[in-house]
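Letters go in sequence order (proteins before strands), and every chain restarts at 1.
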2 protein chains.
Amino acid sequence: MKSTIRDVAVMAGVSISTVSRVMNAPNSVVKHKREKVLEAIKALQYKPNGLARGLIYKKTNTLGVIIPDIQNPYYAGVIRGMEDASKALGYSIMICNTDRDEKRLFSYMQNLNEKRVDGILYTSDVVYPDFYEEIEAYRIPLVLVATHSLEYELPSVKINDEAAAYDAVKYLISLGHTSIGMISFELTDEIAGLPRYEGFQRALREYELEACVQQVAFAKHWHDDAYYAAERLLQQYPDITAIFTTSDEFAMGVLSYMHEKGIRVPEQMSVIGFDNIRMAQFTIPKLSTIAQPVYNMGYRAVEKLNALIKGEPDSTLREYLPHELIVRSSTGPQAARS
Amino acid sequence: MKSTIRDVAVMAGVSISTVSRVMNAPNSVVKHKREKVLEAIKALQYKPNGLARGLIYKKTNTLGVIIPDIQNPYYAGVIRGMEDASKALGYSIMICNTDRDEKRLFSYMQNLNEKRVDGILYTSDVVYPDFYEEIEAYRIPLVLVATHSLEYELPSVKINDEAAAYDAVKYLISLGHTSIGMISFELTDEIAGLPRYEGFQRALREYELEACVQQVAFAKHWHDDAYYAAERLLQQYPDITAIFTTSDEFAMGVLSYMHEKGIRVPEQMSVIGFDNIRMAQFTIPKLSTIAQPVYNMGYRAVEKLNALIKGEPDSTLREYLPHELIVRSSTGPQAARS
DNA sequence: AATTCCTTTGAAAAGCTTTTCGTGCACATT
DNA sequence: AATGTGCACGAAAAGCTTTTCAAAGGAATT
C-alpha cells in the first residue's frame, strides 16, 4: 500500500495539517517539526495523491488530446509542441486516438470528462453539430488545432489552408508549368479538402490556366490511395507536368508511382507536397512542400487553452499561423515529357 | 459548475445512496424512483466524477506510457496496439514523451505516480539502476516494451533482436553477398545496439565471412546520422555490396545517400532495414526489412500489464514475439559494383 | 395474531488531501 | 500584573462518490 499523509503525520508525531503545511507553506511550520516531517516523507516515500488533490482544487492539471490517426507522422510534430508547452505550463497530456471513428470519439470524450481534464485539444476534424453539443454540455474548455469552425465560436489554431495551397500552385506556375494536376482530400473535408482545392483554383484562375481546374483526383488518407489517384489522374490527363498533393504522404505515394512508371522526378514531373513531415527530407528525390508550423501550432494551442482555462485574455479567437514554401528537389522547371 | 450526485438526488427527491445505486445496481431500486433518478441524471447532464471514484476504488483505469521519441514512426504502431488493447480492457492511456532526457523521464514518472495510474508501459530504453529503484519505490506494476532487463525481474515484451539481425544478414548472404556492412546503433545500447550487432556477427561467422565483422558504422537515431554513417562506411570499405541497417529510418538515410552518389539500389547495393514502419512500403525502391510486430507488441504488453494489475497469472516473464523477414525491392543478388 | 424474513431506503463512514477556524501559548505592551 | 497581539498547530469540514449498517415497512409463515 502507498503511504498517506496520515502515515507521515503519525511517524513525525504531528497532525495531518502540519504535514500538509510543510508541503504547501513550509514557513508556517517551526523548523524542528518541519525537518521531522521531511524525514518521515522521505522514509515513507510519500507522494501526495493527485486524486484527492484534484477533488479539492477542482482541477487535474491534465489536458486531453484528440487525434484522428496517430500513425500519421503529421501529428507527431503537433504532439511534441503540445508536450513542450504542457510541460512548461504544468500540465500533462492524455492522448486519444480516434481512428476517425465517431463511436471512439464520443467514448473518449466521455472518458476525458469523467477524468475531469482541465481542457481538450481537438485536432484536424470538422466540428459536427452533435460533437459541439457534447462539448457544450461538458463545459470543458476546448481549442481546435489544425481545424476551425466558422459556424461555432470555438478558438482555433491553424494555418490558412487556402493561401498555402495557392502559394504551392503559384510556385509550380512560376516554374513554367501550364498543365498542373492535384491530388486532393475529398471536398467534403472542410479543412484539408475544400480550402486547398479553392487555393488551387484561385492560383490557376489568376494565371489563366482555368483548363486545369478539373485535373483533380481524390484520395483518402493513405499512400496507397495517392498511388492509384496518380494513376487515374495521368491516365485521364496525360499532359500534366506538375502535381500538387495535399499531404506529404500523398506525395510519397505519387513519387512511388512515378518511379515505377519510369517517369523521372523532377525532370519529367514536378511533385509538391503539403505538411513537411520529417520524412520529407529523405524521400527520393527530396520533397518540395508547404511547411505547416506543426510544432508551433501544438505549442500555441496549449497556450491558448491555458489562457482559456485560467480565464486570461487571449488574442483572436481564430488564429492563423504562417506557412512556408520549402523548395527541395522534387520540383523543377517545366519540360516536355517523353 | 458541473452537477454532482447531490444535485441529482435533490432533483429526484431521493437520497444520494439511491442515486448511486441506480448507477451501480439498478435492480435494487424500485422502478418509479429509478426512473425519476434517470430523468434527473439526463436533465442535469450528470456524469460521475472519476476523481472521487478513483479515490474509493483505489484505481484510475489509466495506464502511463513512456516513449523516448514520439516522432519516430516506430512507436506509432506500438501505441496503436496499446490503445486498442486498453480500450478492450477498459483503460485509457497517458502518453509521455521523454525525448531520451533523464530529467523528463523522472519528472514524468513522478507525475504518473501522483496521478495514481494503475500501471506503466516503458518502451525501448535500457533499465538503469536508478530508474529501477524509482519504480520499486512507487510499487506501480510495469511492463517493458521493445526492451527487457536481464538484471532485474521485470516483465517484458519484445522480439529476439539477435535472431532478427541474424536472419537479415543471413538473407543477404543467401543472395550471394560476401562483403556486407552494417549501420548500427551504438553498442552501448543494450537493446537495439549490441544484440543486433551480435546477430550480424553470428551470421557472418557461420558463413565464414569473418572479415566483414568490423565493417560497421555507428549512428544515432536520425536519418542524417545514417546518411553520414553510410558515407564513412563506404569510404572505408569500398567493396561493400550490401548493408544491414538497424532501423528503417537509417535505411532511408542510406537510400538517400546512394541516390545522391548515383549508386543504384538494389542493382549495385542491397539495403535492408529493420522495423517495417509504414513508410517502408513507399520508399524508393521499396524497402526490404525485418518486421517487428509492433502492433502486437503494444497489444500484448497491455494484456500483460493488465494481468499484473489484476494479479492474474500470466505466461513467461520475458516474452519474445516472432519477427518476420519482408522482402521488397531494396535487396537483390550480388553483382560487382562498377 | 405474532414472528420472521426480505426489500428498500437513508445516514454515515471511508477514501486522501487542503483549508478554515479556533485554541493555546509566548511574548510584548501598558 | 493584566491585557493585547500574533504565531504555531490541531480539529474538523469540504470535495464527491461508494458501501456498510441499520431501520422501517411489508409480505409471508406458523
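Here the side chain of A:Arg21 is nearest to one of D:dG10, D:dT18, D:dG15, namely D:dG10. Of all nucleotides listed (D:dT17, C:dA11, D:dA8), D:dA8 comes nearest to the side chain of A:Val30. Which of D:dT17, C:dT18, C:dT8 sits closest to the side chain of A:Tyr57 comes down to C:dT18. Between D:dC16, C:dT17, C:dG10, one nucleotide has an atom nearer to the side chain of A:Pro48 than all others, and that is C:dT17. Closest approach to the B:Met23 side chain among D:dT18, D:dA14, D:dG10 is made by D:dT18 (side chain taken as heavy atoms from C-beta onward). Closest to the A:Ala52 side chain, of the nucleotides C:dG10, D:dG15, C:dT19, is D:dG15.
Classification of the A:Phe131-A:Phe106 ring pair by plane angle, with boundaries at 30° and 60°, yields perpendicular.
Distance CD1/A:Ile191 to OG1/A:Thr123: 11.5 Å, rounded to 0.5 Å.
Spacing between atom NZ of B:Lys33 and atom P of D:dG25 amounts to 12 Å, rounded to whole angstrom units. A:Lys59 has its NZ atom 16 Å from the P atom of D:dC16, to the nearest Å. When rounded to the nearest whole Å, the span between NZ of A:Lys47 and P of C:dT17 equals 13 Å. Taking atom CD1 of A:Ile41 as the reference point, atom C1' of C:dT17 lies 13 Å away to the nearest angstrom. Atom CD of A:Glu114 is separated from atom P of D:dC16 by 15 Å (rounded to the nearest Å). Atom P of nucleotide D:dC16 and atom CG of A:Leu55 are separated by 7 Å, given to the nearest angstrom. Rounded to whole Å, atom P of D:dC9 lies 12 Å from atom CG of A:Asn27. For the pair B:Arg34 CZ and C:dT9 C1', the interatomic distance rounds to 15 Å; values are reported in whole Å.
Figure legend: A:Lys304 and A:Tyr299 shown without cation-pi pairing, the cationic atom not lying both under 6.0 angstrom from the six-membered ring centre and within 45 degrees of its axis. Under the 6.0 Å distance and 45° angle rule, B:Lys87 counts as a cation-pi partner of A:Tyr108.
OP1 or OP2 of D:dC16 has at least one side-chain nitrogen or oxygen of A:Lys58 nearer than 4.0 Å. Applying the 4.0 Å criterion to OP1 and OP2 of D:dT17, one finds that B:Asn49 has every side-chain N and O outside that range.
With DNA chain C read from its 5' end, the first of the two nearest nucleotides for A:Ile5 and B:Ser28 is the one closest to B:Ser28.
For CD of A:Glu190, the number of neighbouring non-hydrogen atoms (other residues, nucleotides, ligands) closer than 6.0 Å is 12 at most. Annotation for B:Arg6: atom CZ does not count as buried by contact number, only 12 or fewer foreign heavy atoms lying within 6.0 Å.
The residue B:Leu51 sits apart from the nucleic acid: no heavy atom pair falls under 4.0 Å. Among the heavy atoms of the strands lying under 4.0 Å from B:Thr18 are primed sugar atoms or P, OP1, OP2 only; no base atom is included. Residue contacts for A:Thr4: at a heavy-atom cut-off of 4.0 Å it reaches the sugar-phosphate backbone alone, with no base atom in range.
Counting atom types as modelled, B:Arg6 pairs no side-chain N or O with a base atom of D:dG15 as donor and acceptor under 3.5 Å. B:Ser17 contributes a side-chain N or O that forms a donor-acceptor pair with the base of C:dA11 under 3.5 Å. No hydrogens or angles were tested; on distance alone, nothing pairs the side chain of A:Arg53 with the base of D:dG15 as donor and acceptor under 3.5 Å.
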